[in-house]
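See below for the structure under consideration.
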2 protein chains.
Amino acid sequence: MNTLSYGLLAMLTGGPRTGYELMQQIQPLWRAKHSQIYPLLAKLEQSGYVRFVPVAQKEKPDKKIYSITEQGIAQLRQWIPNTTSEPVKRDELLLKAYCVSLTDPAAAKSLIQARIALFESKLEKYSQMLAELKKELDGELSFTSPGFGNYILLQRAVSNSQAELEWCGWVYGLLPSTASV
Amino acid sequence: MNTLSYGLLAMLTGGPRTGYELMQQIQPLWRAKHSQIYPLLAKLEQSGYVRFVPVAQKEKPDKKIYSITEQGIAQLRQWIPNTTSEPVKRDELLLKAYCVSLTDPAAAKSLIQARIALFESKLEKYSQMLAELKKELDGELSFTSPGFGNYILLQRAVSNSQAELEWCGWVYGLLPSTASV
DNA sequence: GATTGCATGTAACTAGTTACATGATTGT
DNA sequence: ACAATCATGTAACTAGTTACATGCAATC
């Protein structure tokens with residue numbers, strides 16, 4: 001049982017999903033490719049933590065709808081209070097930032113602009129998702145409601161994207177203005 | 001040449017360092033163990049991107065002081081404008097957050113408290129480093145000054161730690177107050 | 001006609017972690 | 001006594017990525 005396996009179980013507490021849907025849902029929390037997820041789901045099934053129902057489709061490939069079992073929930077419950085490993089962040093941009101003086105300001109600017117574009121799209125996506133969730137919850141947000149986890153994570157994703165954009169803007173302002181051709 | 005290799009070259013633009021020092025310096029930007037770094041340094045040396053001077057020490061193990069070569073700098077220069085890969089973040093806490101309703105509020109609180117402790121220590125560390133760097137730079141911060149990269153990265157580390165703590169505090173406030181025994 | 005989305009899976013590879021190995025000094 | 005810091009390295013393992021494989025529908 002590695003962390004991703006627990007993560008997949010965690011996602012399944014939100015309801016039954018296909019491997020493909022799990023793969024998409026877990027991305028913002030734990031990046032993983034389908035080639036890593038499918039074998040883990042097979043292991044989880046063998047261990048009795050999840051089960052699946054095969055669903056045949058006509059115009060799309062057949063699929064397997066996974067749900068978490070009682071055993072799986074027990075497994076999650078004992079995992080949560082365990083020591084949480086330190087978050088890992090690996091960002092090539094930060095390595096480039098360290099030696100950015102090696103290049104001209106124009107190159108530095110396009111570096112930052114690419115990052116701004118990336119996080120603007122993320123911000124938009126997460127803001128929308130948060131707005132929709134808020135509509136659904138309709139003011140009824142409490143620890144016990146099933147959308148609670150989702151809510152605090154979306155709020156985080158939004159404020160995180162905003163912080164990223166602020167930093168980018170600040171750095172951009174520090175770069176010397178290049179008199180354009 | 002993988003990203004970590006470029007990262008090591010990037011760190012060496014700040015001056016000559018031992019493998020051990022490089023390992024420590026790169027941690028906040030790109031987590032890596034010494035067992036990954038030493039073999040990469042050997043490869044970089046064989047490729048001519050770095051060179052080292054062996055230094056014998058009496059009361060400590062001998063060491064190798066690495067510096068970046070002209071070729072290494074050229075390599076960095078061509079790397080910077082390349083497409084930057086998306087940052088990867090993997091945080092077990094977020095997976096736990098998604099299914100936190102499975103546990104009691106007390107467990108959720110200690111989860112958050114552990115994270116608060118972690119980032120309070122980080123904030124303290126980075127704030128100190130930033131304050132020292134500001135003293136050194138003494139108002140003279142510009143794109144071309146060698147401390148520029150360090151400066152923008154430390155500023156980021158500080159504001160990032162603050163944002164993390166804010167989110168933790170906000171979540172903590174949402175958790176139901178447990179009437180203690 | 002080419003790409004994207006749905007949907008699953010395996011094979012081959014690279015990246016990253018843990019453990020083994022050594023050894024003196026300093027602090028608890 | 002025991003752990004931590006400095007300092008390097010290798011071996012064995014796990015985790016994660018890229019590539020291969022299939023196939024139909026809709027969109028561009």
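Because the structure is a prediction, the values reported are computed rather than measured. Letters A, B, ... mirror the listed sequences (proteins, then strands); counts begin at 1.
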In terms of side-chain geometry, is the basic nitrogen of A/E164 or B/R156 positioned less than 4.0 Å from the acidic oxygen of its partner? yes
What's the closest nucleotide to the B/Y38 side chain, out of C/dT17, D/dA15, D/dA7? D/dA7
Ignoring hydrogens and angles, tell me if any N or O in the side chain of B/T69 forms a donor-acceptor pair with the backbone of B/Y49 under 3.5 Å. yes
Please answer whether the main-chain N or O of B/F143 pairs with a side-chain N or O of A/S101 as donor and acceptor at a distance below 3.5 Å. yes
Examine distances only and state if a side-chain atom of B/W30 and a backbone atom of A/L94 form a donor-acceptor pair shorter than 3.5 Å. no
How bent is the helix from C/dG1-D/dC28 to C/dT28-D/dA1, measuring the angle between the end axes built from five pairs each, rounded to 10°? 50°
Please report, rounded to the nearest Å, how far the P atom of D/dA15 is from the CD1 atom of A/I37. 14 Å
Do the side chain of A/W167 and the main chain of B/Q155 share a donor and acceptor less than 3.5 angstrom apart? no
Within less than 4.0 Å of OP1 or OP2 of D/dC6, is there a side-chain N or O belonging to B/K63? no
A/Y151: what forms a ring pair (Phe, Tyr, Trp, His ring centres under 6.0 Å) with it, not counting sequence neighbours? B/W170
Ignoring backbone atoms, establish whether A/W30 has a side-chain N or O less than 4.0 Å from OP1 or OP2 of D/dA15. no
Mind running a 4.0 Å heavy-atom check of residues 79-99 of chain B against DNA chain D and sending the residues that fall below it, in number order? B/R90
Here's a test of your reading of the structure: between A/T3 and B/Q36, which maps to the more 5' nucleotide of DNA chain D? B/Q36
Write down the distance between NZ (A/K33) and C1' (C/dA15), rounded to a whole number of angstrom. 13 Å
By the definition salt bridge (Lys or Arg N to Asp or Glu O under 4.0 Å), identify the one residue from A/K122, A/K89, A/R115 that meets it with B/E86. A/K122
Just by protein heavy atoms under 4.0 Å, how would nucleotides 20-28 of chain D read 5' to 3' in B, S and -? ---B-S---
If you count every heavy atom of other residues, nucleotides or ligands that lies below 6.0 Å from A/E124 atom CD, does the total exceed 12? no
Counting distance only, does the side-chain N/O of A/Q27 pair as donor-acceptor with the main-chain N or O of A/M23 below 3.5 Å? yes
Rounded to whole angstrom units, what separation is found between the CG atom of B/L40 and the P atom of C/dA15? 8 Å
Going by number, which of residues 16-25 of chain B have a non-hydrogen atom under 4.0 Å from DNA chain D? B/T18, B/G19, B/Y20, B/Q24
Keeping the roles fixed (side chain from B/K96, backbone from A/I80), state whether a donor-acceptor pair exists under 3.5 Å. yes
What is the distance, to the nearest angstrom, from the CZ atom on B/F52 to the P atom on D/dA7? 15 Å
Spacing between B/L44 atom CG and D/dG9 atom P, to the nearest angstrom: 13 Å
Tell me which of A/M1 and A/S35 sits closer to the 5' end of DNA chain D, going by the nucleotide each one is nearest to. A/M1
Does the side chain of A/S5 come under 3.5 Å of the side chain of A/K43 through a donor N or O and an acceptor N or O? no
Hey, does the side chain of B/Q57 come within less than 4.0 Å of D/dA7's phosphate (OP1/OP2), counting only N and O? yes
Are the side chain of B/R31 and the backbone of A/P87 linked by a donor-acceptor contact shorter than 3.5 Å? yes
What is the distance from atom CE of A/M1 to atom OG of A/S47, rounded to the nearest 0.5 Å? 7.5 Å
Sequence neighbours left out, what passes side-chain contact (heavy atoms from CB on, under 4.5 Å) with B/K33? Give chain and number order. B/S35
Rounded off to whole Å, could you give me the CZ-to-P distance for the B/R31 and D/dA15 pair? 15 Å
Without decimals, in angstroms, what is the distance between A/Q27 CD and D/dT17 C1'? 12 Å
How close or far is atom C1' of C/dT10 from atom CG of A/L41, stated in whole angstroms? 15 Å
